[in-house]
Amino acid sequence: MKRTVFLPLLIILGCAGATMAQDQPPRLTPEQLRKGATLYPNNGLADEDPMPLVKKYEGLRMTDVLDAMQAIGLQDRGVMDKTIRPLWRDNTDKVAHRFYGVAITFQYLPTNRPAAGKMPYEEFRKWHGHWYQTYAPETFAELIKPGHALVIDAQGIENTGFVGSNNALGWYSRGMTGVVTNGNCRDTDELILEKIPVYSKYQGGGTRPGRIESGAINTPIVVGGVLVRPGDFIVADGDGVIVVPREHVDEVAKIAWDIAKGDKASRRKLYEKTKKGIDATVK
């Protein structure tokens with residue numbers, strides 16, 4: 001009897017020990033600590049095509065994904081707070097403000113360098129361009145592939161427009177599916193006309209020079225109160241933004257589609273009963 005109980009206990013303890021060994025904090029030398037290091041585990045952005053994953057999620061609602069996350073034990077995880085909202089909404093069957101994408105993460109920091117001050121306009125233009133190239137370049141742009149979503153951590157900075165009608169169109173031309181930020185988007189009238197999915201906390205703000213500097217690329221960040229790692233999956237629609245941890249993307253997609261199909265079938269019957277026209281959401 002004692003032997004029967006003892007053997008499973010050894011197995012359990014062995015598994016627990018293996019898990020704890022995997023979860024040990026990084027061992028850094030004093031020199032590494034002085035230089036600074038990211039302590040949270042980070043595998044970076046995988047060099048792979050994001051589109052197969054996008055196609056796996058296309059058509060799902062944010063709420064389908066939310067419910068699927070609950071079904072696998074991740075209740076209320078990954079849901080950005082209600083301050084992160086879509087800049088515009090498409091009320092046609094296309095629901096074009098909805099987007100899906102594999103996250104590229106980027107972080108900006110407030111600068112402590114002096115502002116331009118008063119100078120001739122031509123000198124100001126040189127200073128302005130130098131700042132973009134030297135202190136606040138969009139180093140993430142060259143990584144964007146079709147199916148990537150851009151997630152920008154603005155660090156609470158409210159005086160700068162992190163997303164504008166020009167740079168967002170450039171990212172979109174590379175295949176970006178949408179952008180999420182806890183900062184500002186600017187040139188909003190043009191962004192709405194361009195129909196680029198943008199989810200932000202604020203609108204307006206000035207340009208980067210004299211205000212912010214590039215901080216980090218493809219490291220874990222926090223946007224809308226949620227941890228976002230490079231390679232996590234973003235689903236955004238009129239109900240908000242949710243982040244699916246990359247290790248759960250396949251399981252969540254499968255369950256979310258089961259939920260979505262059940263909802264479509266039920267609503268279609270109600271549409272027919274109430275003689276409402278059938279729309280794309282129940283086909």
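Quick note: numbers below take in every heavy atom, side chains included, and nothing from hydrogens, waters or symmetry partners. The shown structure was predicted, so the numbers you read here are calculated from the model rather than taken from an experiment.
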(message) Students often mix this up, so state it plainly: with edges at 30° and 60°, are the rings of Tyr108 and Phe162 parallel, tilted or perpendicular?
(response)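 Ring orientation of Tyr108 relative to Phe162: tilted.
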(request) For Arg267, enumerate each residue passing the salt bridge (charged side-chain N to carboxylate O under 4.0 Å, His left out) test, keeping only those at least two apart in sequence or located in another chain. (result)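 Expected list: Asp263.
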(message) According to salt bridge (charged side-chain N to carboxylate O under 4.0 Å, His left out), who are the partners of Arg89, at least two apart in sequence or on a separate chain?
(response)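 Partners of Arg89 under the salt bridge (charged side-chain N to carboxylate O under 4.0 Å, His left out) test: none.
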Sequence neighbours excluded, every pair satisfying salt bridge (charged side-chain N to carboxylate O under 4.0 Å, His left out) that has a member inside [range]:
range: residues 143-158; value: Asp47-Lys145
range: residues 176-203; value: none
range: residues 72-85; value: none
range: residues 159-185; value: none

(request) Applying ring-ring contact (aromatic ring centres under 6.0 Å, His included), name anything that partners Trp127, two or more places apart in sequence or on another chain. (result)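 Once residues adjacent in sequence are excluded, the partners of Trp127 under the ring-ring contact (aromatic ring centres under 6.0 Å, His included) criterion are Phe124, Trp131.
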(message) Could you work out, with ring-ring contact (aromatic ring centres under 6.0 Å, His included) as the rule, every residue matching Tyr100, not counting sequence neighbours?
(response)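 Once residues adjacent in sequence are excluded, Tyr100 has no partner under the ring-ring contact (aromatic ring centres under 6.0 Å, His included) criterion.
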(message) Per the side chain to side chain donor-acceptor pair (under 3.5 Å) rule, what does the pair list look like for residues 213-222, sequence neighbours excluded?
(response)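 Non-adjacent pairs meeting side chain to side chain donor-acceptor pair (under 3.5 Å): Thr111-Glu213, Arg113-Glu213.
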Return all side-chain donor-acceptor pairs below 3.5 angstrom for residues 229-246, not counting sequence neighbours, or 'none' if the list is empty.
from   : atom 1 : to     : atom 2 : distance (Å)
Arg229 : NE     : Asp232 : OD1    : 3.3
Arg229 : NE     : Asp232 : OD2    : 3.2
Arg229 : NH2    : Asp232 : OD1    : 3.0
Arg229 : NH2    : Glu247 : OE1    : 2.7
Asp232 : OD1    : Arg246 : N      : 3.0
Asp232 : OD2    : Arg229 : N      : 2.9
Asp237 : OD1    : Asp239 : N      : 2.9
Asp237 : OD2    : Met62  : N      : 2.9
Arg246 : NH1    : Gly44  : O      : 3.4
Arg246 : NH1    : Pro230 : O      : 2.4

(message) Under 4.5 Å side-chain heavy-atom separation, chaining through any Ile, Leu, Val, Met, Phe, Trp or Tyr, what else clusters with Tyr132? Say none if it is isolated.
(response)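 Noted: Tyr132 shares its cluster with no other residue.
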(request) Could you list who else is in Tyr202's hydrophobic cluster, with ILVMFWY side chains joined at under 4.5 Å, directly or through other members? (result)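 Under the 4.5 Å side-chain rule, Tyr202 groups with nothing.
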(request) Report the C-alpha distance between Leu150 and Thr181 in whole Å, list the side-chain angles of each, state the deciding distance to 0.1 Å, and finish with yes or no for side chain to side chain contact (heavy atoms under 4.5 Å, CB included). (result) CA-CA 8 Å; Leu150 181 59; Thr181 181; over 6 Å; no
(request) Measure the shortest side-chain to side-chain distance between Ile72 and Val252 over non-hydrogen atoms and say whether it is less than 4.5 angstrom. (result)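 Of all side-chain heavy-atom pairs linking Val252 with Ile72, at least one is under 4.5 Å.
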